[in-house]
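Numbers restart at 1 for each chain; the letters A, B, ... are given by sequence-line order, proteins then strands.
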Amino acid sequence: MRARVFVTLKQGVHDPAGKAVQGGLVSMGYEEVQAVRIGKVFDIELADGGPEAVVRSRLDEMCKKLLANMVIESFRVELL
Amino acid sequence: MRARVFVTLKQGVHDPAGKAVQGGLVSMGYEEVQAVRIGKVFDIELADGGPEAVVRSRLDEMCKKLLANMVIESFRVELL
Amino acid sequence: MKTGNDSPITPEVVAQHGLSPDEYQRLLDVLGRLPTFVELGVFSVMWSEHCSYKSSRIHLGRLPTKGPRVLIGPGENAGVVDLGDGYAACFKMESHNHPSYIEPYQGAATGVGGILRDVFTMGARPVALMDSLRFGRPEHPKTRALVRGVVAGIAGYGNCMGIPTVAGETRFDRSYDGNCLVNAFCCGVVPSDRIFLGTTGSPGNKVFYVGAGTGRDGIHGATMASTEFGEGSEEKRPTVQVGDPFQEKLLLEACLELMQGDAIVGIQDMGAAGLTSSSVEMAGRGGRGLLLRLDQVPMRETGMVPYELLLSESQERMLIVIEPGRESEVFAVFQKWDLSVAEIGEVTDDGVWRCTWHGEEVAAIPVAVLTDAAPKYDRPQQAPAPLPALPAIVDADPAARLPTLLADPDISDKQWIWRQYDHQVGTDTVIRPGADAAMVRIKGTAKHLAFVTDSNGRQVYLDPFVGTAGQVAECARNLACVGATPIGLSDCMNFGNPQKPEIMWQFSRSVDGMAEACRALDVPVISGNVSLYNETDGVAILPTPGLAMVGLYEGATPTVSAQFTEGLEVALLGQPGRGWLAGSVYARHFGFDRHGAPPPVDYATERALHDALRRLIAPGAAGAAIAVAHDLSEGGLLLALAECCMGGVGGAFDVANDAGALYGEDHGRALIAYAPQDRERVHALLEGVPSRVLGQTGGDALVVAGRSFAVTELRAVWERAFPAWLDGGTESP
Amino acid sequence: MSAALRSRVAVLTFPGSNCDADLRHAVALFGMEPVAVWHKESTLPNVDAVLLPGGFSYGDYLRCGAIARFSPIMAEVVRFAGRGAPVLGICNGFQILTECGLVPGVLLRNKALRFTCRDVNLRVQGQTTPFTRGLGGAALRLPVAHAEGNWFADAESLARIEGEGQVIFRYEGENPNGAIHDIAGVSNAAGNVVGLMPHPERYVEAALGGTDGCGVFRSLAAAIGGSAHTAATLEAGA
Ligand SMILES: Nc1ncnc2c1ncn2[C@@H]1O[C@H](COP(=O)(O)OP(=O)(O)O)[C@@H](O)[C@H]1O
Ligand SMILES: [Mg+2]
């Protein structure tokens, strides 16, 4: 069983890396790039974990406890 | 106009951060987590860039030149 | 245009802005009218504890701030001390406690960013960083993550900036469970005739904004840092400031480049309370008014309103005042470095701080009302009930405790931390982390700066006056152990809620103890910072005056080390000591950490010892008289001996197996080691400072008090404790 | 030797470089003239070698060296290297060289996922380069200070690089970052471009704790002493 978790900065939280990449792309000639925000994707391989609701709620916990920094990031879980 | 780019490590490339996250999750009691691989996701805001084929091909270039290191990473582009 | 001025001001709104009803009345009285909503926000930050020092100001005045070397004392972004030959050292320590508890990585990182800006604002190129850290009990569920995050944050910022982090300290105590302390120190070097100040010059001068754009980061950070934490504060936290060390590196280089010329009249970094406090402070120092056109401020987000622009704590920003006609120089430099630059206002002659938004005035407050009229409190003080005396400790074999003490979280090796800091970048670090004090040379001169940070909250708790004085003495002793002479001190006063009379008493007594010791040891206090309200659910931290002392050493780079080598004679310098165990690490291991009085300081003994150490370390014609110097502090004589063995060479020493002799923490003592043929030279240089030969170095065991410890085993215990606690012991530090 | 006769060595500065001044200081200690070159320049001055310093170009955001490699000066550096002239990248400079393909491999995050500042033991080997003349087989102790120094290449490239003698520096004993085959530094096929993670410029004075970095700078001084530029200046001066 596989899951994919997206962790992205909350709106309004400064993203210096995104800004540097945007600047880099513009100076390389990609002037259409107006903003870049960088997030993380976790591809997670799970042992069979019973009912989907349980799997989801455990993934939710993992995100809150470890994968995302809830002070500045939010997350989204997809079961594949 | 917005695009989303996923950059992930190619198979066979060692992912120490993913491995550390997997170990962390297991030691926190999420024993069902068998493997984790970490990738990046770029949310890109674009000025209107003409026909989709052109936008796509420019994004493709950006990935090959900058966003991904083609030696170890592969990418996927989604137009939103 | 929405200005943010349309919201009504209710008593709840006033309370949310951290102003008491009395303070709000004072505001109405001094302003002579109702404030606009924007103005209320401005008052809330300018009159916050963090910016106004309202509880501490009257006490800080008792510190000695003058001295023959002091060029700039407290009051500017950082203090400056003359080093001679056209050089000066500019330094300051600052706290970032509350933000670091909420988001350890970003909180600590932006703390480093802030202190760096305070130093390069003055025209100084930063040459060294230090960090003084306090965390809760190791077994507390939050502690590990806080340590990891804070250390990574300091590393992330300092390393990227290319400023070596050369020293620091890390201590644990249950009182920090809900309030970690992160104090960051930076020192820079500046030509003594090229020091820049945060001032305005004449009316008509132009105000420039340079650096990163403004976003909604940390709005209300300054007021947050001025209130107690309580249940739920983790949920209500405001937007966290995110640091961008890359921007700051560019800002550093750009500022120093512009400072090569003479375009700048005044320059001020935007720290706590951002645009508001930086512009008000500049106007206050310049004795002028200021007009800011807020719509001209570079913005990172859309839809921002004046209230947010004024209170944002976005990082990596500066205000610069220049004379009219020099605009193009500013634009050229900052554009070269790809930084935002905008002219946002000018200096005025009416003493009023005004802000406009697309032509509409949104705030107009006399500068003096924001600064001089801010409340100042002489808050009530009350000595707490006396503490229990230290009970007699029954211990048949005190020496056997050595390995346990070496594994103590406060004592154990902190390589895990300082290896994450680039401590060599700049190619000037001649004494690295792990020594009594670090040392950084100034290229092209014979000058070296030595750095130490020390504080012992437990002893300060036992007696804030004596405990703080003892810390000053210890800092000076550490500098003497690398041959340096103290030239200045910066302090970070971390205390609990000043509205509690016992906390206020601690604060006031601690200031007095610092003042006495600084006078006695000739160390001016040239800069500092106060962090109050370090309490959670009514539990205050130990009173923790974080001290950072800087020393000067001139001559060939000293060769002294704190590690034994083979074939040296070891002597204990200073009074033998009274076996002072109250406040010691040893007593704490029996659960007696809030018992008794801390060791007293004898300034004459202390000064004589430091002078002797400096004579012994100075490389004369025949080289330094001694090879090793190490001060006695936490853990007393036995811990000092053990630490000197960590390089792999042991020795046999004559010390009784007596707890007081082994672990007493009396001040005024240090270990030295020298080649036996230098014995006479050493003696002559002591000039009467008492000394007792303890034994000889050599071999792979520490033989003392009738026991023999294999050095490799002691070292393993000492080195592994900290990483084992953090990582489960799977990795080398 | 008068200043006019000294060989000239360009030290590039990218936004975020922070070992550029250290490197210029070291270059000068060995009698060469350091020439500071800003990354926005599109031509190299008349120099005999180019050095890329350590630091955090563009904050090391995205990947170390990924953005810096597109700086205008880099096209010139690629041409300069193509002519067989000496190019050295240290730490972040190494990362930039790998990103632009001047030397093989990539630098991943350290195995321990932390920045590490420590001394490492190295063995100099492989083909002779302008930076390792006379150092073949030498054991060196040098500092590293990086978070992403874990050199990696796929099996096929690795075999080729090993086979061609392009591994120039190898960790001995402790490997600080998990680099495959303990690789600390590599060269291009021709041997004129070298990248390494350790910082030789930090150990060129005893006061700083070591002098094992001296060999690299002496080698460079010897290699470019007879270069076209210096030879020309010598003749003109004679
Ligand atoms: N405990 C203290 N001892 C000496 N000086 C202090 C102390 N606390 C604050 N100061 C001085 O008061 C001034 C204001 O400090 P602070 O608000 O922390 O500066 P900044 O606005 O740059 O953050 C500084 O010059 C500082 O050196
Ligand atoms: Mg300041």
note = Bottom line for Ile180(D): the part with an atom under 4.5 Å from chain B's heavy atoms is neither
task = Calculate, to the nearest 0.5 Å, the distance between atoms CD and NZ belonging to Glu99(D) and Lys65(B) respectively.
result = 14.0 Å
note = Separation between CZ (Arg63(D)) and CG (Leu67(B)), nearest 0.5 Å, reads 8.0 Å
query = Looking at NZ of Lys40(B) and CG of Leu62(D), how far apart are the two atoms once the value is rounded to the nearest 0.5 Å?
reply = 5.0 Å
query = Can you tell me how far CZ of Arg69(D) sits from CG of Asn69(B), rounded to the nearest 0.5 angstrom?
reply = 9.0 Å
ask   = Non-hydrogen atoms of chain D under 4.5 Å away: do they reach the side chain of Val13(B), the backbone, both or neither?
value = both
ask   = Side chain, backbone, both or neither: which part of Ile72(B) has an atom under 4.5 Å from a heavy atom of chain D?
value = side chain
